[in-house]
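Contents: one structure, followed by commentary.
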Protein chains: 2
Amino acid sequence: MGRQRGEEEPAAAGTRPLRRDAELNRQRIIQAGREVFAARGLQATLNDVAHHAGLGVGTVYRKFPDKQALAEAIFTEELDEIAAMAQKARAEGDAFTALAGFLEGALGRAAHNRGLRELMRHGAVEGTGLARARREITSHCEALVARARTQGALRDGVTEADIAPIAAMIDAIMALPGEHPSELWRRYLAIILDGLRAQPRQTPLPGPGSVG
Amino acid sequence: MGRQRGEEEPAAAGTRPLRRDAELNRQRIIQAGREVFAARGLQATLNDVAHHAGLGVGTVYRKFPDKQALAEAIFTEELDEIAAMAQKARAEGDAFTALAGFLEGALGRAAHNRGLRELMRHGAVEGTGLARARREITSHCEALVARARTQGALRDGVTEADIAPIAAMIDAIMALPGEHPSELWRRYLAIILDGLRAQPRQTPLPGPGSVG
DNA sequence: CGTAACTGGATACATCATATCCGCTTCATG
DNA sequence: CATGAAGCGGATATGATGTATCCAGTTACG
């Protein structure tokens, strides 16, 4: 929670610590994985990651049995941070504002991370830290939606089950071809959020669309 | 246009007509392709199509040099039908209603056709009938949006450039895991269309979401 | 030093879609 | 019906791509 990037815990506890150079390489691999997966998605190869880290493939496979393992290490942390955002949102007074803010924040993070988006799309394997973090986020969202409803902020018929599909829609915008990272998704999120409100506020749309 | 499925034109003109059994097989292949691509997407193999048609692979490759060619034959027709829907929509008086109706119709068609959706997502190769039909649809949509705007039906800032992203979003809903075909997309299309209106009409949302 | 730990990356392996080839079958025509 | 052209089937060659291993050589560290 308070831990910063770059000072990861040195491998698992109970294991003999890695040789210093090996531990350094481990960090390099994780960092490279972050960058590569963010830019090229989960279909990137461990060979790609190794090359990006300036290491040999063998070194990577020594530390992580397969791609799944590396991705799990990387994205569990990522998802935990998002879960923390969701939890923070629950503290805010106005639930709808909190929900909207959370969505903007979490999706903004996803906007720059193709791997993360793919992970959310295809669902995490049960029993991993990924799945746990995912459930956490979901439950925070549910609470947020429930509270927004009791506060009368939601359009009739809107439920917590709407959040995931909305995220999927925004994800589709992010996956659109074109120069990245684009901020176009904010425009459509705004439209959708307006559509979720009990009384739609016609705040001007963000992004391109200046009419003549 | 007036032609029905099942009475396709017998191959290209200027070519010697196929032997009767060969022509029949051609039809079988196209029909199988329609079904297979619709159900499993464009990543389906020509081998798959052949098997589904009850024919050998060689027969398929004899008639269509590669998957691209078969897909083109199949989906050009599909897209032309959608283009016709768009053209018909332009005749309606109320442009917004026409636009909404067209989107519902076209997307409804896509809902049952994974291959078609993939094709729209990844863009058609320039110079093909696909690309031509696509441009046609786009231009009809642009006209529809323009007219809706002059009729004062559109929220400030909404433009013709919004249509494609919206289609992409709805596509994302359709691609969501779960039993198919689902009608969930209608719900989100409704939300988005409301968000496009000058004065949002709070018609009850379709689909699941009955609040307690 | 001596040795256990670690590294590099060529390469074996596996998977998978694509496309071809050619002996056999079927049609169509005189 | 005979016969040759047209068509068929599907085993298989080809090629691309990702995954994972192996081991000779290098490096850290007591």
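Values below: all heavy atoms of this structure, side chains included; hydrogens, waters and symmetry mates excluded.
In this structure, A:Arg62 atom CZ and D:dC23 atom P are separated by 14 Å, rounded to whole Å. Taking atom CD on A:Gln68 and atom P on D:dG18, their separation rounds to 18 Å, with Å as the unit. Between B:His52 atom NE2 and D:dG9 atom P there is a gap of 16 Å when expressed in whole angstrom units. D:dG7 atom P lies 12 Å from atom CZ of B:Arg26, rounded to whole Å. For the pair B:Leu24 CG and C:dT26 P, the interatomic distance rounds to 15 Å; values are reported in whole Å. In this structure, A:Leu42 places its CG atom 11 Å from P of D:dT19, rounding to the nearest Å. Protein atom CD of B:Glu23 is 14 Å distant from nucleotide atom C1' of D:dA6, rounded to whole Å. Taking atom CG on A:Leu18 and atom C1' on D:dT27, their separation rounds to 15 Å, with Å as the unit.
Of the candidate nucleotides D:dA11, C:dT26, C:dT7, D:dA11 has the atom nearest to the side chain of B:Val57. In this structure, of D:dT19, C:dT7, C:dA19, it is D:dT19 that holds the atom nearest to the side chain of A:Asn47.
When each of B:Leu46 and B:Arg19 is assigned the nucleotide of DNA chain C with its nearest heavy atom, B:Leu46 is the one assigned upstream, toward the 5' end. Mapped onto DNA chain C by nearest heavy atom, B:Gly58 and B:Arg20 fall at different nucleotides, with B:Gly58 at the one closer to the 5' end.
Residue A:Lys63 has a polar side-chain atom (N or O) positioned under 4.0 Å from OP1 or OP2 of C:dT7. Here B:Thr45 does not reach the OP1 or OP2 of C:dC16: none of its side-chain N or O atoms lies under 4.0 Å away. The phosphate of D:dT19 (OP1 or OP2) has a side-chain N or O of A:Lys67 nearer than 4.0 angstrom. For the OP1/OP2 pair of D:dG7 and a distance below 4.0 Å, the side-chain nitrogens and oxygens of B:Thr59 include no atom meeting the criterion. B:Asn25 has a side-chain polar atom (N or O) that falls below the 4.0 Å cut-off from OP1 or OP2 of D:dC8.
Considering A:Leu196, A:Leu193, A:Leu144 in turn, A:Leu144 is the only one that fulfils the side chain to side chain contact (heavy atoms under 4.5 Å, CB included) rule with A:Leu99. Of the residues listed (B:Glu35, B:Gln27, B:Arg28), the one engaging B:Gln31 in a side-chain hydrogen bond (donor to acceptor under 3.5 Å, both in side chains) is B:Glu35, and it is the only one.
The pair B:Arg135-B:Glu126 meets the salt-bridge criterion, since a charged nitrogen lies less than 4.0 angstrom from a carboxylate oxygen.
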Could you tabulate the donor-acceptor pairs under 3.5 Å formed by side-chain atoms of residues 62-74 of chain A, not counting sequence neighbours?
unit_1: A:Asp66; atom_1: OD1; unit_2: A:Gln68; atom_2: N; d: 3.4
unit_1: A:Asp66; atom_1: OD1; unit_2: A:Ala69; atom_2: N; d: 3.0
unit_1: A:Lys67; atom_1: NZ; unit_2: A:Leu42; atom_2: O; d: 3.1
unit_1: A:Lys67; atom_1: NZ; unit_2: A:Ala44; atom_2: O; d: 3.2
unit_1: A:Gln68; atom_1: NE2; unit_2: A:Glu72; atom_2: OE1; d: 3.4

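Residues A:Glu142 and A:Ile163 have side chains not in contact (no heavy-atom distance under 4.5 Å, counting atoms from C-beta outward).
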